[in-house]
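Here is how names work: the chains are called A, B, and so on, in the same order as the sequence lines, proteins then strands, and each is numbered from 1. FYI, side chains are in, hydrogens and waters are out, and symmetry mates aren't considered; it's all heavy atoms of this structure.
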Number of protein chains: 4
Amino acid sequence: MAVAPEARRPIGQGGRSPGSLRPERWNEIVDAAGDVFDEKGYAAARIEDIAARVGLLKGSLYYYIDSKEDLLFAIVDGNHSRGIVVVEEGAALESADPPTRLGAFVERWIGILGANPGYAAIAERDLRRLSPERQAIVMDKRARIHRFVRDIVEDGIADGSFDAGIDPGIVTNNVFDVLNGISQWFHPARPLTYEQLAEHVRCFVLRGLGADPETIGPALP
Amino acid sequence: MAVAPEARRPIGQGGRSPGSLRPERWNEIVDAAGDVFDEKGYAAARIEDIAARVGLLKGSLYYYIDSKEDLLFAIVDGNHSRGIVVVEEGAALESADPPTRLGAFVERWIGILGANPGYAAIAERDLRRLSPERQAIVMDKRARIHRFVRDIVEDGIADGSFDAGIDPGIVTNNVFDVLNGISQWFHPARPLTYEQLAEHVRCFVLRGLGADPETIGPALP
Amino acid sequence: MAVAPEARRPIGQGGRSPGSLRPERWNEIVDAAGDVFDEKGYAAARIEDIAARVGLLKGSLYYYIDSKEDLLFAIVDGNHSRGIVVVEEGAALESADPPTRLGAFVERWIGILGANPGYAAIAERDLRRLSPERQAIVMDKRARIHRFVRDIVEDGIADGSFDAGIDPGIVTNNVFDVLNGISQWFHPARPLTYEQLAEHVRCFVLRGLGADPETIGPALP
Amino acid sequence: MAVAPEARRPIGQGGRSPGSLRPERWNEIVDAAGDVFDEKGYAAARIEDIAARVGLLKGSLYYYIDSKEDLLFAIVDGNHSRGIVVVEEGAALESADPPTRLGAFVERWIGILGANPGYAAIAERDLRRLSPERQAIVMDKRARIHRFVRDIVEDGIADGSFDAGIDPGIVTNNVFDVLNGISQWFHPARPLTYEQLAEHVRCFVLRGLGADPETIGPALP
DNA sequence: AATGAATGAGCATTCATTCAT
DNA sequence: GATGAATGAATGCTCATTCAT
């Protein structure tokens, strides 16, 4: 899940930010870093590999970055920024019932997974390698995303559309575990599109919350 | 999820395996490695840290291991060996209906999580840092564990106890994502025991599969 | 016996081979390695010493090499490549009689010893520390060099210019033992040039083979 | 060329000298060390390998030695002690002519090579790894051995049995290079005994010195 | 005599980072 | 913008050596 171009400039970084000069180059680099981090993990990834993937020598990469961590931050923060976008786009559905809103969220989330597959895992895995300040930036976004789902869950419990016995905290975590896990095993090469996958996952999640089968909608086609 | 003591000797490793001489020492070391790998990730973990945690100098650790990878393998393989145990212990329930069997599996799994918390993530994260041979050993166990759940799911679809519209492959992955995600956010320090957590997760999963609420059992207390 | 500059680029090595970019630097490094290996032996030689001798820090040396063994190979293989050159330069003498050819070979060999003294011993001593593939490359060259001398010996026995009772295998080994031993005790600081030494050794060897004193030429001046 | 038992106790070492307790054990250990040093070179040889070859653990070897260097010294000094014996045994031939004396020396030397093959190379190769004191002890023996041959050569030149044009220093080195080189290529598995080899080498050397073919004796059978 | 365990200094190698050109 | 060269700190691993038992 690469960062959407408009969210991709180094944020909270100050300095010359060379990315502003050639945004497309910066995006290439971040994508390359995403691939390499995904394959080897942040610590084992080599700057040289990332540079080679965009046709540079390792020394040259430092024209674009100040440190390896910049790339991790760009990816992890970008991932979360996209998550924020997913969450905020829900405005149109604000008046809908909780199952509909949660289902729509799941579909939007997986839809974006499809656009930039592969980097969700990095966010989970290597978040702690960031500096405390940057971790805080990311954790704040994460909390807002989390809160969005949890609010829906609590609303649903309150209005009876979800089972009263569920624990909002646990269930919210379960939902994100399901969503974040996807990119580790799903490959669109399968005879299944992201849209179809989203349907399955939406059902799994809503059922898991005890939603009325009627509300969830018809069985998958 | 550290390895249960009786399953912990280096398996499939050949060589002098000094761990067999002093199993407690070997267990201490593997536990220490698990902690450090969990905190920093495999690549960033330093042998020196692991050694210090058991009161040794880094060089001394090599009396017990041949390489850092040995420790990763001990943890990852041990984790999976415990998973195999969880899967195989289901013999008594073989004649039960699929929801009961799956629910019991979830409870056993989380029960073991409680015994040795923390290392499940390592297995998911750093599996690829193992040698191909060792990866194969682990992947084989993983496939068997996976197959156990998938078989239950398919049985349940066939006999109508799970929704006919679900995809066994997707759903099995969803289940493991939920189970493996737990150790990343659940801390027993919370006002919730592993048993109570297991109840919640059991319900979430079974409902997600479309099981009859009657079968799932009473709402959580 | 260091490698002649023109033969010195890493041969049969694949990879980026930065030495090709700055041959003089590569030669400096190989010479430094030759000195250090000669003084301490391959195993006891420290990369740090070699680096320091060319004004680098040990880490920097890895810009030029992939491993310490690369340096050993460059020296040992270079030595043998020079030997091949010595052997092949004999074309002009092909029609001469065996004693003349062998005498000329001895003179050429020692002449080259004089150009790059000191590393012949390394080739003999630490050949076995090379990887099997590289050993094979070197052993092949060695066999060709050996064969060149043996052929002359056999020709000489056949045409009566060498004693009929000698064993070509033994005598060829004796000749190379004499030639290879030189660099361990001869220092041109002595009141003797390499040319004079070569004359003595040529006589010793030809006499050893039972050549007609007339053929060998006049006593040394 | 292992050390003859009676010459094998650690010499010039002072201390408890445990070898005196079980001479045969000490010999076993020195032989094992000789094998390992010969295979890998002194620096690359591991105490553990030597210990394993005599059925001990590496720590246990220190009951017999004070340091790895003790073993090198035992071998190198032992080798030279044998050389001294070879040289001194010549008493009976003292009145013989130089070619006879030198020929007899070659035969004795190779005869002893046959008794303990393989370690001559170590002496040449790793002499410099000894402490200065021990190097001095060995170099003194070496000088005496060298001097023995050189004296014969000079006598031979003086009385006309060797060519007047040869340089005693060079030729003596040639002779030892031939003798010391043997163990690197000769294996008694060949269809040739040490006695036969000695004959060939004797002829090569004496001819090399310009001795009268009549003096050298009949061609090899 | 022998061992198991530990030590600690040393070494090859890696790699993020810098910088003059 | 990009590069080649160099840096230096870090880190996995080795191994001679010690010593209580």
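Spacing between atom CD1 of C/Ile29 and atom P of F/dA5 amounts to 10 Å, rounded to whole angstrom units. In this entry the distance linking NZ of D/Lys58 with C1' of E/dA1 reads 19 Å, nearest Å. Here E/dG4 presents its P atom at 11 Å from CD of D/Glu48, a figure rounded to the nearest Å. With rounding to whole Å, A/Ile47 atom CD1 is found 16 Å from F/dT7 atom C1'. Atom CD1 in A/Ile65 sits roughly 15 Å away from atom C1' in F/dG1 (whole-Å rounding). Here the C1' atom of nucleotide F/dA16 and the CG atom of D/Leu72 are 14 Å apart, to the nearest Å. Distance, C/Tyr62 OH to E/dC11 P: 12 Å, rounded to whole Å. For the pair B/Arg129 CZ and F/dG12 C1', the computed distance is 14 Å after rounding to whole Å.
Distances shown here put a side-chain N or O of C/Tyr63 below 4.0 Å from the OP1 or OP2 atom of F/dA5. In this model, the phosphate group of E/dA2 is approached by a side-chain N or O of D/Tyr64 to a distance below 4.0 Å at OP1 or OP2.
The side chain of B/Leu57 sits closest to E/dG8 out of E/dG8, E/dA12, F/dA5. Ranking E/dA6, F/dG1, E/dA2 by closeness to the D/Arg25 side chain, first place goes to E/dA2. Nearest to the side-chain atoms of C/Ser60 among the listed nucleotides F/dT7, E/dA16, F/dG12 stands F/dT7. Considering only side-chain atoms of C/Arg46, the nucleotide from E/dA12, F/dT17, E/dC11 that sits closest is E/dC11.
Look at C/Arg53 and C/Asp31 and you find no salt bridge, because none of the NZ, NE, NH1 or NH2 atoms lies under 4.0 Å from a carboxylate O. Ion pairing between B/Arg129 and B/Glu69 fails under the 4.0 Å rule for side-chain N and carboxylate O. Ion pair D/Arg134/D/Asp70 flagged as a salt bridge, since at least one NZ, NE, NH1 or NH2 atom sits closer than 4.0 Å to an Asp/Glu carboxylate oxygen.
Nearest-nucleotide mapping onto DNA chain F: of B/Gly59 and C/Leu61, the residue sitting toward the 5' end is C/Leu61. Of the two residues near DNA chain E, C/Glu69 and A/Tyr42, the one whose nearest nucleotide lies more 5' is C/Glu69. Projected onto DNA chain E by closest heavy-atom contact, C/Ala43 and B/Leu56 fall at different nucleotides, the more 5' of which corresponds to B/Leu56.
Checking E/dC11 for Watson-Crick or G-U wobble geometry (two distances, each under 3.5 Å) identifies F/dG12 as its partner. Across all strands shown, E/dT3 is found opposite F/dA20 as a Watson-Crick or G-U wobble partner, with both distances under 3.5 Å.
D/Arg125 places a side-chain N or O within donor-acceptor distance of the main-chain N or O of D/Phe37, the cut-off being under 3.5 Å.
The two residues D/Tyr64 and D/Trp26 have their closest heavy-atom pair at O-CZ3, 3.5 Å.
As judged by a 4.0 angstrom heavy-atom cut-off over every strand, B/Ala45 is placed among residues touching the sugar-phosphate backbone only.
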